[in-house]
There are 2 protein chains.
Amino acid sequence: MYICLMEFKEAKNKFVQTWGALGSQWGINKTMAQIHALLMISHEPVSMEDIMEELQISRGNASMNLRALMDWGIVYKEYKAGERREFFTAEKDLDELAVKISRERSKREIKPALKVLKEVSTMKSDGTEAERHFVDQTTKLYDFVLKADNVLDKITEYKDNWLAKLVIKIMK
Amino acid sequence: MYICLMEFKEAKNKFVQTWGALGSQWGINKTMAQIHALLMISHEPVSMEDIMEELQISRGNASMNLRALMDWGIVYKEYKAGERREFFTAEKDLDELAVKISRERSKREIKPALKVLKEVSTMKSDGTEAERHFVDQTTKLYDFVLKADNVLDKITEYKDNWLAKLVIKIMK
DNA sequence: ACAAACTTTCATTTTTTTTTGAAACTTTAA
DNA sequence: TTAAAGTTTCAAAAAAAAATGAAAGTTTGT
């Protein structure tokens with residue numbers, strides 16, 4: 001029994017660390033990803049106190065990153081009857097999680113980038129080869145990113161089980 | 001004519017800055033993304049000297065990031081006849097660029113993460129509800145990430161014009 | 001209205017990541 | 001073989017990002 005508990009703790013820790021590392025490689029702060037990982041594998045809502053304890057982080061850090069996760073719409077606050085403090089749960093449905101992440105990234109990063117691409121690609125150019133190439137390349141990039149963004153939107157529109165449905169579509 | 005040149009410089013700069021910012025949000029260092037942006041819009045190969053000059057960065061920084069871009073397979077070294085120094089060009093085909101980036105990210109980040117997910121999800125659990133939930137959730141995550149990774153692989157397999165082909169498949 | 005219980009904010013500190021620059025290295029041509 | 005022209009490396013410095021923690025703010029029960 002003791003050994004078994006140790007193994008669980010070890011596996012849990014490995015998962016949280018790995019998720020944290022993956023997060024930073026994709027531009028998500030480590031703690032934010034770790035909190036998310038922790039909530040993903042918890043079978044019941046977790047208090048801020050417990051998150052701080054498990055990840056050895058400060059109250060401020062926990063609070064800020066929980067707020068960020070809620071802003072992304074992938075972590076929810078919960079209230080337990082008769083309990084003063086707040087508890088947190090993660091969106092556990094992976095299709096839903098992926099949809100929310102992709103929507104947020106599109107809104108926060110892709111859409112603003114598209115706006116700039118549009119701007120710079122419509123620069124009036126009757127000039128040098130360098131200018132012609134610039135306009136040509138940025139126009140192509142605009143079209144590509146726009147198309148990719150739309151495809152992602154279309155794919156995740158199914159919401160329920162979109163990945164499985166995509167697999168079927170592609171295999172055909 | 002003077003005004004026109006200024007506008008080009010301005011547009012070019014805006015593009016390079018935006019691409020750099022987008023890069024950091026996705027876990028790619030700013031300078032690396034900026035060098036890539038610069039090469040993407042150059043109609044001819046660029047020397048390290050010119051890159052340093054345009055981006056106001058040191059020789060070491062330029063060298064390291066060019067090496068990284070070449071490791072990703074999205075920037076090439078070129079030699080000009082009768083020139084001692086090296087020149088650099090970016091992969092300008094966007095389909096090809098996206099394929100290479102997705103392949104590298106899969107190899108460097110997704111595959112190792114999958115390995116860990118496999119490990120932790122096969123932890124023997126005959127224990128508590130917490131343990132059962134952990135195994136269940138990590139197993140689901142493993143399946144999901146594996147499937148997504150395979151789909152991406154399949155999509156980019158077409159290489160030539162894969163995005164346009166994907167659009168058609170999905171619309172049907 | 002008060003105070004206990006809890007959460008949020010943000011200026012400061014710490015950590016991590018990126019950049020620099022000078023020394024070491026490589027290549028080429030005479 | 002030498003030196004000039006160029007490139008790479010890596011320890012140290014700088015910059016950027018994240019974390020801390022104490023003060024301010026909020027909510028709830030009496």
Side-chain angles (χ1 to χ4, degrees), chain A residues 16-39 45-72 75-89 105 108-109, chain B residues 16-39 45-72 75-89 105 108-109:
Chain A
V16 170
Q17 295 306 321
T18 304
W19 210 237
L22 199 64
S24 11
Q25 287 177 310
W26 285 78
I28 287 140
N29 113 29
K30 194 185 66 177
T31 304
M32 187 168 150
Q34 286 182 339
I35 294 177
H36 182 247
L38 197 62
L39 296 179
V46 185
S47 70
M48 202 157 89
E49 216 67 41
D50 287 346
I51 292 168
M52 288 162 59
E53 165 68 23
E54 284 241 35
L55 301 179
Q56 291 290 303
I57 57 171
S58 70
R59 188 171 295 286
N61 196 7
S63 174
M64 302 265 266
N65 282 299
L66 280 167
R67 154 89 15 245
L69 285 164
M70 288 189 291
D71 289 347
W72 276 69
V75 160
Y76 314 113
K77 214 180 248 189
E78 287 201 1
Y79 298 96
K80 277 191 186 173
E83 278 269 19
R84 179 69 175 278
R85 70 215 155 121
E86 298 166 335
F87 291 80
F88 301 88
T89 353
R105 290 217 107 153
R108 295 175 194 216
E109 295 148 21
Chain B
V16 170
Q17 295 306 320
T18 304
W19 210 236
L22 200 63
S24 10
Q25 287 178 309
W26 286 78
I28 287 139
N29 114 28
K30 194 185 66 179
T31 305
M32 186 167 151
Q34 287 182 339
I35 294 177
H36 182 247
L38 197 61
L39 296 179
V46 184
S47 71
M48 203 156 87
E49 218 66 42
D50 288 346
I51 292 169
M52 288 162 58
E53 166 67 22
E54 283 242 33
L55 301 180
Q56 291 291 303
I57 57 171
S58 70
R59 186 171 296 285
N61 197 5
S63 174
M64 303 259 273
N65 282 300
L66 281 166
R67 155 91 12 245
L69 284 163
M70 288 188 290
D71 289 347
W72 276 69
V75 161
Y76 316 111
K77 213 179 249 189
E78 287 201 1
Y79 297 96
K80 277 191 185 173
E83 277 270 19
R84 179 73 175 276
R85 69 216 156 119
E86 299 166 335
F87 291 81
F88 300 89
T89 354
R105 291 216 106 154
R108 294 176 196 216
E109 295 148 19

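Order of the sequence lines sets the chain letters (A, B, ...), proteins ahead of strands, with each chain counted from 1.
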OP1 or OP2 of D:dA5 under 4.0 Å from side-chain N/O of B:Arg85: no

Please report the distance, rounded to the nearest Å, between CZ in A:Arg67 and P in C:dT9. 7 Å

Whether B:Lys77 contacts D:dT8 is assessed here as follows: a side-chain N or O lying under 4.0 Å from the phosphate OP1 or OP2. Is that the case? yes

Close side-chain approach of A:Trp26 and B:Arg105, heavy atoms under 4.5 Å: yes

Rounded to whole angstroms, how far apart are CG on B:Asn29 and P on D:dA16? 12 Å

Flag the pair A:Lys30 / A:Gln34 as yes when at least one side-chain heavy-atom distance between them is below 4.5 Å, and no otherwise. yes

Nearest-neighbour nucleotide for the A:Arg59 side chain, D:dT7, C:dT8, C:dT19 considered: C:dT8

Which listed nucleotide (D:dA18, C:dT8, C:dT18) is nearest to the side chain of B:Thr31? C:dT18

Please give, in whole Å, the distance from C:dT14 P to A:Gln56 CD? 18 Å

Can you check whether A:Ser63 has a side-chain N or O nearer than 4.0 Å to OP1 or OP2 of C:dT9? no

Which residue in the set A:Thr31, A:Asn65, A:Leu66, A:Asn61 passes side-chain contact (heavy atoms from CB on, under 4.5 Å) when paired with A:Ile51? A:Leu66

Would you mind reporting whether B:Glu78 and B:Glu86 have side-chain heavy atoms less than 4.5 Å apart? no

Euclidean distance, atom CG of residue B:Asn65 to atom P of D:dT7 [Å, nearest integer]: 16 Å

Contacts of A:Lys30 and A:Glu83 projected onto DNA chain C by closest heavy atom; the upstream (5') one is A:Glu83

A:Glu86, nearest nucleotide to its side chain (from D:dA19, C:dT18, C:dT7): C:dT7

Atom pair distance, as rounded to whole Å: CG in B:Asn61 and P in C:dT17: 16 Å

Between C1' on C:dT20 and CE on B:Met52, what's the gap in Å once rounded to a whole number? 11 Å

Given C:dT16, is OP1 or OP2 found less than 4.0 Å from the side-chain N or O atoms of A:Ser24? no

In whole angstroms, the gap separating P of C:dT16 from CD1 of A:Ile57 amounts to 14 Å

Check: C:dT27 base within 3.5 Å donor-acceptor of B:Arg84 side chain: yes

Is there side-chain contact between A:Met48 and A:Arg85, with at least one heavy-atom pair below 4.5 Å? no

Between atom CD1 in B:Ile51 and atom P in D:dT7, what is the gap in whole Å? 10 Å

